[in-house]
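These notes concern the structure reproduced below.
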Amino acid sequence: QVFRKSLQRGLVLSAGSFLVFEAHKLIPGLAEVHASFKVEEVVEQADYLYGSGETEKLYQLLVQHKHSDDAELLWRLARASRDLAQLSSTAAEEKRQLAYEALQYATKALEKDESNSAAHKWYGICLSDVGDFEGIKTKIGNAIVIKEHFQRAIELNPKDATTIHLIGIWCYSFAEMPWYQRKIAATLFATPPSSTFQEALRYFHMAEEADPNFYSKNLLFLGKTYLKLNNKKMALLWLSKAKEYPAHTEEDKQV
């Protein structure tokens, strides 16, 4: 059945390509239609590979289109570059190179479509990653920009639980920031970025409401945040859920 559906899809795509080609011979300017048709096909392939956890194949597919002007392709390439950098098998120097590549693709995606929620999300994530290579001053200096892009992503897509979770992580990180990092932040900003565990908790709950049980790490951080607030009963509830979460990915196992 899967093979038959794949074959049918292949025939439909082939027929579509033929029709666009024939129309192009008759109507000037239809080259753009053909180009967009190809983009949709690549995006479909990319989403299948992403869902299958084929990180390296996904990167190889998308990097062929790094000069594209399509924001949907570019933010997916940024994500694929970052995912490749996160693999334990990736060498340290390659991780660094891929992190900067990912930021470059995310930046271009935003330039091409400022109203693309995913482009804002991945720009924020990639900017944070680059900060790991440039030191604590740069990381703190980028913090406000990162949060602004996450908030813009949520404005454009209020149901995106992952981005809501990321703002929760941002709040949690600043709530538990060590004193020496606070001192650095005070030298960089007249009003340094800050947050509380209560604010972090609010975002983690918002993420769970948007998409219940969507991410093992959100369950973990709900538990950790309740621990910070000395509510052991609620901490146990959420940490138990995190522990029982089916481990589909390496990150789930770590959680």
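Side-chain atoms are counted along with the backbone in the values below, which use heavy atoms only and exclude waters and symmetry mates. In this text, all values refer to a predicted model and were calculated from it rather than measured experimentally.
The heavy-atom pair separating Ala85 from Lys95 by the smallest distance is O-NZ, 2.8 Å. In terms of heavy-atom proximity, Pro158 sits nearest to Ile164 at O-CD1, 3.7 Å. Nearest heavy atom pair, residue Ala99 against residue Val130, reads O-CG2, 3.8 Å. The minimum heavy-atom distance between Ala242 and Ser216, with the atom names listed, is CB-O, 4.2 Å.
Contact check on Glu101 versus Arg82 returns no salt bridge, with no Lys/Arg side-chain nitrogen under 4.0 Å from an Asp/Glu carboxylate oxygen. The residues Lys108 and Glu111 are annotated as not salt-bridged, no charged nitrogen and carboxylate oxygen being separated by less than 4.0 angstrom.
Separation of the Phe204 and His165 ring centroids falls under the 6.0 Å cut-off.
Put simply, the side chain of Val145 reaches to within 4.5 Å of the side chain of His149, judged on heavy atoms. Here the side chains of Trp238 and Glu208 are in contact, with some heavy-atom distance below 4.5 Å. Counting heavy atoms from C-beta on, the side chains of Glu72 and Arg76 come closer than 4.5 Å. For the pair Thr55 and Gln86, the minimum side-chain heavy-atom distance is 4.5 Å or more.
Between the side chains of Asp70 and Ser68, no donor-acceptor pair of N or O atoms lies under 3.5 Å.
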Test log, rule side chain to side chain contact (heavy atoms under 4.5 Å, CB included), inputs Glu199 and Arg202: CA-CA 5 Å; Glu199 188 180 13; Arg202 183 168 63 86; 4.2 Å; yes
Test log, rule salt bridge (charged side-chain N to carboxylate O under 4.0 Å, His left out), inputs Lys139 and Glu134: CA-CA 7 Å; Lys139 198 161 181 72; Glu134 296 190 353; over 6 Å; no
With side chain to side chain contact (heavy atoms under 4.5 Å, CB included) as the criterion, how do Tyr50 and Asp83 come out once you've worked through the C-alpha distance, each side chain's angles and the decisive distance to 0.1 Å? CA-CA 10 Å; Tyr50 181 76; Asp83 286 352; 3.4 Å; yes
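With a 6.0 Å cutoff to the six-membered ring centre and a 45° limit on the axis angle, Lys224 counts as a cation-pi contact of Phe221.
Heavy-atom neighbours of Phe214 CZ from other residues, nucleotides or ligands within 6.0 Å: above the threshold of 12. Enclosure of atom NZ in Lys57 is not indicated, since only 12 or fewer non-hydrogen atoms of other residues, nucleotides or ligands lie within 6.0 angstrom.
By the 30° and 60° cut-offs, the orientation of the rings of Trp170 relative to Phe174 is tilted.
Atom CZ in Phe150 sits 10.0 Å away from atom CD1 in Ile169 (nearest 0.5 Å).
A search for side-chain hydrogen bond (donor to acceptor under 3.5 Å, both in side chains) contacts involving Asp211 returns nothing, not counting sequence neighbours.
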